Amino acid sequence: MDSDVPGPSGPELKEYTALLRRRWRLVGAGVLGGLVLATAALFAVPATYTSVAAVQVHPTGMAEFTGERSGRLTGDVNLDSEAQVAVSDQVTRGMAEELPGTPSPADLRERIDVTVPSNSNILELHYSARSPAAARDGADALAAAYLDHRSEQARALINGRLDALREEQEGLYGRLSELASEGSESAQVSAEAQADALRQEISDLGNGISPLSALLETVSPGQVISPAELPESPSSPVPLLWLVAGAALGLIAGLLAAVVRDRLDPRVHDTEDTARIGAVPVLLDLSAARADRSAPSPGLLTDADPVGQRANEFAHLVRARLTDPVATAATVDDTDDRPAPGRVLVVAGTTPGRAGTAAAVNLASALARTGSETLLVCADPRAGTAEELLDLPEGPGLAEVLVDGEDPADLEARPTAVPRLRVLRHGRPGAVAPVQGGAAELVELLRPRAAFVVVVTASVVESADAHALAASADLLLPVVELGRTRRADLTGLVAAGARFGVTVPGAVTVPRQPNPAAASTSRKSDEAPTDPGTAGVAESTEAAKTAETTGVAEATEFAGATEGTEATEATEGTEGTEGSETDGSTEVPAGSNGTKPAKGKSTPAKKKSIKHKPAPAGSRP
């Protein structure tokens, strides 16, 4: 049966949300850790106070010499350059002289920040310190040092220009004196023309010197328009900002840890994981069937249960895909629309416990509810789940068929809750069915007994029974226990189906089951006597039952010996087998160790003399 439902090609958004649901504790721990670290940092990091002084920068009037017109704004001052000047060594050295302790210029530069508001000629000088007063004093000292440096720079430039002009003017005066001292008449005419030119140059230089001299007296580098104030609260750390940043960093760390942990986790956690890892679709999801959180799930589903209806849908799909129309027309009456008999489905759990059996019981029940005669074969030695779900008593079953050659029809049980379902239990307590020794013969023996034969085996991590039966089965259905099934076990079982040539149409998922070891320990503790008096009563009762059973066995042996003189050898063999069972010893008949017994008949054992001895107290008759 090929599935029409393809597996997903890659991770989807819901897979990541499922990852968050699975790993929410890890993500929450990351966020909480980030908050804790941020809170600790708020107490550990000393508070820093920042004060701001606003300085309006004035043009010096020396733009043609200083290049102030090349700024990024349309004005006479390049504020980008001035911002760099404010944190230069010349300014910080002058600032250090005004502050107590004489800090180094490098240390001061780390505490300074200069900003320029848009479309303005304002410099905002920020200074940070450990105390409000130190921050205020530092900002004021920075503003004063910057203005002093700018004023000195402008004055030095003006003075340098004046000195150059005056020196040039003095040179012209000297040349003019030399021309006046020449005596010849022709030379005087020429000298008079040169003297007029020199006087013009001297006048031009004087016109340049006068404005510069006036500028030197009136130059203004700028002014402080907003003196630094005493800060009322620390500028850092900001509690809200640090807490939000810590939570964000913790969230990122938690998400990364969750992704890494999920990728390294060898278990399958949800249906999306099952479909993606196993490369097969999930045909039946029983993980939502838990009604009582304290009870194992799934229980026996019914038509009134929505999950039970999904099980019925899957049963209809199995019936539709496994029905052979030719065989049905040849073997089934025209008025009977049941599928052809003899389809064998192997249900294999991937974890020890009740998961595989619970899924097989509900699958077999759904097939029976949809109108098919169904036989459920319990090949899992972990007995108890099928009997518990179907309300059946313990009794002989598959182990007796394989070991003692019993007829399966004589050992089948019919649960009252599901009329069309028959159950072949695993066997009496302590019995183990050797499935692997005769898997093919077992399948051929069971195939004609029902329209669908659902065989549930021990988990693939405990036994190779599923592999032994896969080659002779029609379908192989892995059962994934979410939260416990390992990825390698699921992929290995799907790959084994491909190697054996059996169809693996999809998987069945069930919720996490109780720990089998813990459940077994709990049952043993519940069955154990609680006090010495109770233990004595139980031992006496068991001894009385044993003695009574031994007496009955002896009487049966005497009657069997009397009738044996007139019975055939086959009858004597049968009585010998009965005597073996009564005595509690094991007689291995023909067909044991997995050999196929005769169809529907017990294999006679060799005649053997059985001596019955009283069974010890506490033994099973």
Side-chain angles (χ1 to χ4, degrees), residues 266-271 273-275 277-278 280 282-287 289-290 296-301 311 314 318 344-366 376-390 397-398 423-426 432-433 435-436 439 453-470 473 475-497 500 502-520:
R267 297 171 296 175
V268 179
H269 292 279
D270 51 36
T271 56
D273 272 355
T274 303
I277 296 169
V280 291
V282 177
L283 299 178
L284 181 58
D285 180 19
L286 300 178
S287 60
R290 186 187 296 271
S297 176
L300 182 61
L301 302 176
F314 179 50
V318 171
V344 178
L345 291 75
V346 175
V347 179
T350 52
T351 54
R354 71 187 299 274
T357 304
V361 167
N362 282 288
L363 173 58
S365 300
L376 173 63
V377 181
C378 300
D380 186 357
R382 292 180 180 269
T385 302
E387 289 85 345
E388 172 191 351
L389 294 177
L390 297 172
L398 182 62
V423 180
L424 183 60
R425 294 161 291 197
H426 184 268
V432 177
V435 175
Q436 300 181 36
V453 179
V454 180
V455 183
V456 55
T457 67
S459 67
V460 293
V461 299
E462 296 177 301
S463 172
D465 291 353
H467 300 77
L469 294 169
L475 286 184
L476 175 62
L477 290 176
V479 178
V480 176
E481 184 178 351
L482 301 180
R484 288 189 62 198
T485 294
R486 299 175 66 87
R487 301 182 180 186
D489 296 332
L490 173 60
T491 56
L493 184 56
V494 174
F500 283 107
V502 60
T503 302
V504 183
V508 180
T509 56
V510 298
R512 190 183 183 97
Q513 304 296 305
N515 190 343
S520 176

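In this chain, numbering begins with 1 at the start of the sequence shown. All figures in this text were calculated on a predicted structure; none of them were measured in a lab.
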Item checked: Contacts of Thr350 that satisfy side chain to side chain donor-acceptor pair (under 3.5 Å) - sequence neighbours left out -> Thr485
Note to self: Among residues at least two apart in sequence or on other chains, which ones pass side chain to side chain donor-acceptor pair (under 3.5 Å) with Ser463?
What the structure shows: Gln436, Asp465
Nearest 0.5 angstrom please: [X] [atom1] to [Y] [atom2], how far?
| X | Y | atom1 | atom2 | result |
| --- | --- | --- | --- | --- |
| Leu345 | Leu469 | CG | CG | 12.0 Å |
| Phe314 | Leu477 | CZ | CG | 4.5 Å |
| His269 | Ile277 | NE2 | CD1 | 8.5 Å |
| Leu376 | Arg425 | CG | CZ | 11.5 Å |

I want to check something: taking the side chain as every heavy atom from C-beta on, are [X] and [Y] in contact at a cut-off of under 4.5 Å?
| X | Y | answer |
| --- | --- | --- |
| Leu493 | Pro478 | yes |
| Leu283 | Val508 | no |
| Ser365 | Leu300 | yes |
| Val361 | Leu363 | no |
| Leu286 | Leu301 | yes |
| Ser287 | Leu482 | yes |
| Val455 | Val453 | yes |
| Leu398 | Val435 | yes |

Do you know which two heavy atoms are closest between [X] and [Y], and how far apart they sit?
| X | Y | value |
| --- | --- | --- |
| Val502 | Ala473 | CG2-O, 3.7 Å |
| Leu389 | Pro298 | CD2-O, 4.1 Å |
| Ala439 | Ala468 | CB-O, 3.3 Å |
| Val456 | Ala360 | CB-CB, 3.6 Å |
| Val347 | Gly356 | CG1-O, 3.9 Å |
| Val494 | Gly278 | CG1-O, 3.9 Å |

Checklist line | Any residue meeting salt bridge (Lys or Arg N to Asp or Glu O under 4.0 Å) with Arg267, in chain and number order, not counting sequence neighbours | finding: Asp265
Taking the side chain from [X] and the backbone from [Y], do they hold a donor-acceptor pair closer than 3.5 Å?
| X | Y | result |
| --- | --- | --- |
| Glu481 | Val479 | no |
| Asp380 | Ser459 | no |
| Thr357 | Arg354 | no |
| Arg512 | Gly483 | yes |

Next item on the list: Could you please spell out the steps behind the side chain to side chain contact (heavy atoms under 4.5 Å, CB included) verdict for His467 and Val460?
Entry: CA-CA 8 Å; His467 300 77; Val460 293; 4.1 Å; yes
Next item on the list: Before giving the answer on side-chain hydrogen bond (donor to acceptor under 3.5 Å, both in side chains), spell out for Asp285 and Thr509 the whole-Å C-alpha distance, their side-chain angles and the decisive distance to 0.1 Å.
Entry: CA-CA 5 Å; Asp285 180 19; Thr509 56; 2.6 Å; yes
Next item on the list: Under the side-chain hydrogen bond (donor to acceptor under 3.5 Å, both in side chains) rule, what do Glu388 and Thr385 come out as? Steps first, then yes or no, please.
Entry: CA-CA 5 Å; Glu388 172 191 351; Thr385 302; 5.2 Å; no
